[in-house]
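The structure appears right after this line, and notes come after that.
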Amino acid sequence: MATQLVAFAEPLPLEPNKQLITTPERFEKLIRFLESRPKIVIDYETSGLDYANGAHSIGMGLAAWTDSGQIWNAYVPYRHRTGERQLDFALVAPALKGLLENQAICKIAHNIKFEDHFSRREGWAILGPRYDTMIAARLYDENYSAKLENRAEWDLGIRDSRRWETRVHDRIVALARMNRLGIEAYKKIHGYEELGIELTAQYCGTDVEQTGLLYEFYERAGVSQLYARIWATEMALTSDLCDMEENGLPLDIPYLEDVKRQVVQAQEVAAYQINQVILGGHGINPGSDKEVFDLMWNRMGLRWTKKTKKGAMAVDEEVLSQFSATNAFCYYMLKWREANKIETTYTESLIAMCDPRGVLHPNFQSVGTVTGRLSCGQPNFQNMSADNDDRAIEFSGKKVEKGGVDPWSIRRAFPMRHPGWVRLFFDYSQVELRVLAEYSQDPIMIDSFLRREDLHQRTANEIGAVWGKECPRRVAKIANFGIAYCLSAAGLSRQAHIAESEAEFFMATFFARYSRVAAFREELWGEARRNHCQWTNIFGRTRRVPDLQSGDFRKAKSGERRLIGSAIQGTAAEFTKESIVRANRALKERRIPALLCNTVHDEIQIDTPREYMAEVITIVKPLMEYYPEIKSIPIIADVEWSDKTWADKQDYEEAV
DNA sequence: GCGACAAGCTTG
DNA sequence: GTACGAGCTTGTCGCT
């Protein structure tokens with residue numbers, strides 16, 4: 001089959017600067033050349049993206065600069081399934097291992113973490129200095145896609161940067177059709193392994209060449225020097241995230257299957273109430289917002305004002321809640337949505353992503369956000385639903401904090417890695433508010449953190465004293481988190497469920513007491529407007545918000561909110577990123593059996609045998625708290641641990 | 001049948 | 001118009 005496919009394939013003469021290596025002699029020459037270079041570009045082609053579920057490399061693109069400064073590139077095929085002549089993997093493996101583990105050679109790649117995963121699968125590492133052009137692209141301009149072909153077009157001006165990518169895609173579409181598979185299904189099974197070797201050489205050669213050119217471009221722009229500190233962190237982090245993803249988190253599949261049965265039943269009950277009892281058999285699809293709106297507005301005559309971003313009438317949780325006390329349809333819609341969310345997002349799809357041993361390996365992206373935070377997908381470990389108090393009370397009669405159990409808990413599906421091991425949770429304490437306090441130098445905030453008070457309660461007290469009546473801590477918490485990001489009185493009123501007049505008075509009092517917060521915002525925006533709409537945080541990460549100088553008032557205001565958000569969130573994110581690098585390095589140096597396995601914005605999770613728990617904390621907690629550039633207040637990492645599941649974490653002090 | 005988009009929900 | 005940053009899922013709509 002595979003051989004026949006090639007017979008039909010169009011012959012493709014290689015572009016002049018490209019080499020296809022299919023003989024041992026030429027491979028030998030290639031390796032000798034590359035071994036003599038100070039830096040090389042690498043790019044695997046693979047049989048799929050999922051390294052944990054059988055995907056492997058099928059060939060490697062390599063590029064380097066000649067003595068005269070020209071980029072020279074080659075493709076080395078070794079596991080294509082086309083029947084064409086290629087190199088024997090046993091022959092290339094030792095040479096590739098020697099090359100990639102050579103500490104004297106800098107490895108350049110566009111998303112080097114991907115290369116890291118597939119190298120490890122072959123039994124070697126990427127050692128020595130590394131340079132990721134995808135991260136450089138993000139630092140150069142965070143407002144634009146970091147995809148290789150996009151940057152080749154945008155930053156290098158290569159108009160036909162996608163010429164081979166398009167040809168590859170067309171070929172994959174044809175192969176998928178011949179195999180009677182959808183494109184995604186085909187790529188999951190075969191990746192590029194049935195792709196003709198010449199076409200792959202064209203495509204991969206272009207990729208490594210463009211990566212090399214992007215390296216030149218970003219270095220001429222001074223990226224690694226301009227952002228020296230975060231650059232060092234980001235490059236080290238590529239390898240640490242690779243560790244973290246490989247370690248992954250084991251999943252309790254039978255438990256999740258049980259949760260699925262329960263939520264499916266709950267949906268059936270809700271759908272029966274909606275369609276049979278309430279609508280008398282003339283039912284709707286509860287998943288269709290259009291039908292839900294039509295029913296509520298036209299058939300039930302309900303009226304509300306909230307709209308979606310595009311101007312349609314919203315039918316979200318907030319709107320349904322307005323009517324759910326008196327309208328049974330809205331009540332059961334909320335029930336249906338809750339159960340449906342858990343079923344579709346957190347049961348079967350998680351089980352389907354497991355490796356053969358039942359472990360989930362997510363994908364952390366260092367360039368996934370404009371602020372500098374990490375993003376995570378496949379699955380997203382950063383939005384696993386937390387235990388719900390109402391469900392816990394219904395089931396066990398107790399709140400979650402008091403030992404209650406949420407029967408639909410997703411975090412309970414994340415058990416320990418091995419018997420006798422525990423999971424440690426290092427969580428930065430109110431880190432964004434500490435960043436705000438440091439930047440704004442607000443005396444009350446600083447005083448509160450120096451006294452190790454509960455800042456939300458302090459705010460409640462400060463407001464209460466002026467207000468003449470007690471301010472709930474809950475409302476103060478919303479204000480503390482929201483006001484720096486320009487939460488309006490109307491927004492506070494809506495979120496905190498308080499009267500608008502109360503919210504207005506509250507905000508006025510807040511700004512009177514925390515006067516430096518508003519002043520800091522204005523200073524930040526002024527500084528940015530004087531500097532091409534850019535602002536650089538204490539670690540050197542820059543956020544560019546061109547909308548800041550928009551003539552459109554709304555756009556400019558939105559830009560202000562995004563900039564202040566990025567300033568605070570991005571600074572906080574840097575603590576977590578650098579701490580991941582520090583922690584992994586320290587634990588490896590001391591040869592402690594501890595595995596980094598997850599991070600959720602202001603939190604790092606580490607697995608270790610119970611007997612190492614105290615030692616790991618002694619090592620990790622101080623290095624997370626050591627950021628001397630924060631001069632006015634302490635940075636604190638709280639420690640929790642569990643020997644059961646993610647949902648069962650408890651304070652470390654109480655356990656001792 | 002596929003891709004893009006919108007809306008809604010989850011999280012820090 | 002009215003709080004920042006993400007990812008995943010379903011439904012809808014237009015296009016091939």
Side-chain angles (χ1 to χ4, degrees), chain A residues 142 173 176-177 182-184 284-293 306-320 333-334 336-350 353 362-365 367-388 408 410-411 427-428 430-433 435-436 478-496 500 503 507 521 543 545 552-570 572-573 576 598-603:
Chain A
E142 75 283 0
V173 169
R177 197 167 294 147
I183 296 166
E184 291 313 309
I284 64 161
N285 175 3
S288 167
D289 298 337
K290 200 171 161 253
E291 290 179 40
V292 170
F293 165 74
K306 187 176 179 185
K307 292 183 177 174
T308 68
K309 205 170 55 183
K310 290 278 169 184
M313 298 307 297
V315 287
D316 63 4
E317 193 265 347
E318 192 189 324
V319 171
L320 293 175
M333 267 304 299
L334 289 169
W336 184 88
R337 282 213 182 132
E338 180 186 27
N340 180 255
K341 179 70 182 178
I342 288 174
E343 195 224 338
T344 56
T345 308
Y346 299 114
T347 59
E348 261 185 9
S349 67
L350 285 186
M353 281 184 261
N363 176 28
F364 285 103
Q365 287 198 207
V367 296
T369 68
V370 290
T371 60
R373 266 191 180 180
L374 294 168
S375 72
C376 182
Q378 303 155 255
N380 183 356
F381 278 2
Q382 299 180 324
N383 71 349
M384 290 301 162
S385 62
D387 289 34
N388 178 302
W408 296 357
I410 298 306
R411 294 192 177 186
D427 190 324
Y428 276 116
Q430 300 185 331
V431 63
E432 292 194 358
L433 290 169
V435 168
L436 178 61
I478 293 167
N480 280 338
F481 280 120
I483 286 178
Y485 305 127
C486 311
L487 180 69
S488 63
L492 179 64
S493 155
R494 197 173 51 244
Q495 277 230 1
E500 209 160 321
M507 295 219 11
R521 292 193 317 203
R543 177 76 169 103
V545 183
D552 184 338
F553 180 76
R554 280 175 302 178
K555 270 193 180 175
K557 283 288 168 202
S558 157
E560 289 181 348
R561 292 195 300 271
R562 280 179 281 130
L563 183 63
I564 189 84
S566 293
I568 295 168
Q569 203 179 88
T576 304
N598 195 10
T599 172
V600 190
H601 304 308
D602 60 358
E603 173 180 335

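Reminder, nothing fancy here: chain letters follow the sequence lines and each chain counts from 1.
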*Is a side-chain donor or acceptor of A:T308 paired with a backbone partner of A:A312 at a separation under 3.5 angstrom?*
yes
*Is a side-chain donor or acceptor of A:S349 paired with a backbone partner of A:T345 at a separation under 3.5 angstrom?*
yes
_4.5 Å side-chain heavy-atom contact, A:C486 and A:R521_ = yes
*Report which part of the nucleic acid A:R177 touches: base, sugar-phosphate, or nothing (heavy-atom distance under 4.0 Å, all strands).*
nothing
_Dot-bracket pairing map - DNA chain C, Watson-Crick plus G-U, both contacts under 3.5 Å, | cross-strand_ = ...|.||||||||||.
_Side chain of A:I183 only, heavy atoms from C-beta on: which candidate in B:dG3, C:dC4, B:dG8 is closest?_
B:dG3
*Which value, in whole Å, describes the distance between the P atoms of nucleotides B:dA6 and C:dT2?*
16 Å
*Whole-Å distance between C:dT9 P and A:E348 CD?*
11 Å
_Spacing of A:K309 atom NZ relative to C:dG1 atom P, expressed in whole Å_ = 14 Å
*Nearest atoms (heavy-atom pairs only) where A:V319 meets A:A314*: CG2-O, 3.6 Å
_Categorize A:F481 for me: base, sugar-phosphate, or nothing, with a 4.0 angstrom heavy-atom threshold over every strand shown._
base
_Counting only heavy atoms and a strict 4.0 angstrom limit, can you tell me which residues of residues 377-385 of chain A come near DNA chain B?_
A:Q382, A:N383, A:M384, A:S385
*Beyond-backbone contact of A:N383 with A:Y346, side-chain heavy atoms, under 4.5 angstrom*: yes
_Considering every strand and a 4.0 Å limit on heavy-atom distances, what is the contact class for A:N285: base, sugar-phosphate, or nothing?_
sugar-phosphate
*Considering only C:dA6, B:dG8, C:dC4, which nucleotide approaches the side chain of A:R337 most closely?*
B:dG8
_Euclidean distance, atom CD of residue A:Q430 to atom C1' of B:dG12 [Å, nearest integer]_ = 13 Å
*With sugar-phosphate meaning primed atoms plus P, OP1 and OP2, does A:A386 contact a base, only sugar-phosphate, or nothing at under 4.0 Å between heavy atoms?*
sugar-phosphate
_Integer-rounded Å distance: B:dA6 P and A:K290 NZ_ = 17 Å
*Is the distance from OP1 or OP2 of C:dG5 to the nearest side-chain N or O of A:S566 less than 4.0 Å?*
no
*asked:* How many whole angstroms separate atom NZ of A:K306 from atom P of C:dG1?
replied: 15 Å
*With a 4.0 Å cut-off on heavy atoms, is A:R373 in touch with a base, just the backbone sugar-phosphate, or nothing at all?*
base
_If I pick the P atom on B:dC5 and the same atom on C:dA3, what distance separates them, to the nearest angstrom?_
26 Å
_Distance-only donor-acceptor test (3.5 Å): side chain A:E317, base B:dC9_ = no
*Side-chain N or O of A:R561 less than 4.0 angstrom from OP1 or OP2 on C:dA3?*
no
*Tell me which of A:Y346 and A:R554 sits closer to the 5' end of DNA chain C, going by the nucleotide each one is nearest to.*
A:R554
*With respect to the side chain of A:V370, which nucleotide from C:dA3, C:dA6, C:dC4 is positioned closest?*
C:dA6
*Let me know the distance between CH2 of A:W336 and P of C:dT9, rounded to the nearest Å.*
14 Å
*OP1 or OP2 of C:dC4 sitting under 4.0 Å from any side-chain N/O of A:T371?*
no
*Mind checking A:G482 for me? I need base, sugar-phosphate or nothing, with any heavy atom below 4.0 Å counting as a touch.*
base
*Touch check for A:K310, heavy atoms < 4.0 angstrom, all strands: base, sugar-phosphate only, or nothing?*
sugar-phosphate
*asked:* Strictly below 4.0 Å: does A:S488 bring a side-chain N or O up to OP1 or OP2 of C:dG1?
replied: no
_Rounded to whole Å, how long is the line connecting atom CG of A:L492 with atom P of C:dT2?_
16 Å
*A:A572 and A:V431: which non-hydrogen atoms are nearest, and at how many Å?*
CB-CG1, 4.0 Å
*Exercise: identify the closest heavy-atom pair between A:L374 and A:Q382*: O-OE1, 3.5 Å
*Indicate whether OP1 or OP2 belonging to C:dG7 is found under 4.0 Å from a side-chain N or O atom of A:S375.*
yes
*Report yes if at least one side-chain N or O of A:R411 is closer than 4.0 Å to OP1 or OP2 of B:dT11; otherwise report no.*
no
*Looking at side-chain heavy atoms only, is the closest gap between A:T576 and A:H601 below 4.5 Å?*
no
_Along DNA chain C (nearest heavy atom to each residue), the more 5'-positioned of A:C376 and A:L563_ = A:L563
*asked:* Under a 3.5 Å threshold, yes or no: a donor from one side chain and an acceptor from the other, between A:R554 and A:S558?
replied: no
*When you check the phosphate oxygens OP1 and OP2 of C:dT9, does a side-chain N or O of A:T345 lie under 4.0 Å from one of them?*
no
*asked:* Would you say that A:Q569 contacts A:T369 through its side chain, given a criterion of any heavy-atom pair below 4.5 Å between the two side chains?
replied: no
*Could you state the CD-P distance from A:E184 to B:dG3, rounded to the nearest angstrom?*
7 Å
_Among C:dC8, C:dG1, C:dC4, the one nearest A:K341 by side-chain distance_ = C:dC8
*asked:* Could you tell me if the side chain of A:D602 sits less than 4.5 Å from the side chain of A:D427, heavy atoms only?
replied: yes
*Under 4.0 Å between any heavy atoms, over every strand shown, what does A:A484 touch: base, sugar-phosphate, or nothing? Just pick one.*
nothing
*Please report the shortest heavy-atom distance between A:P362 and A:C376, naming the atom on each side.*
CB-SG, 3.7 Å
*Given B:dG8, C:dT10, C:dG5, which nucleotide is nearest the side-chain atoms of A:R543?*
C:dG5
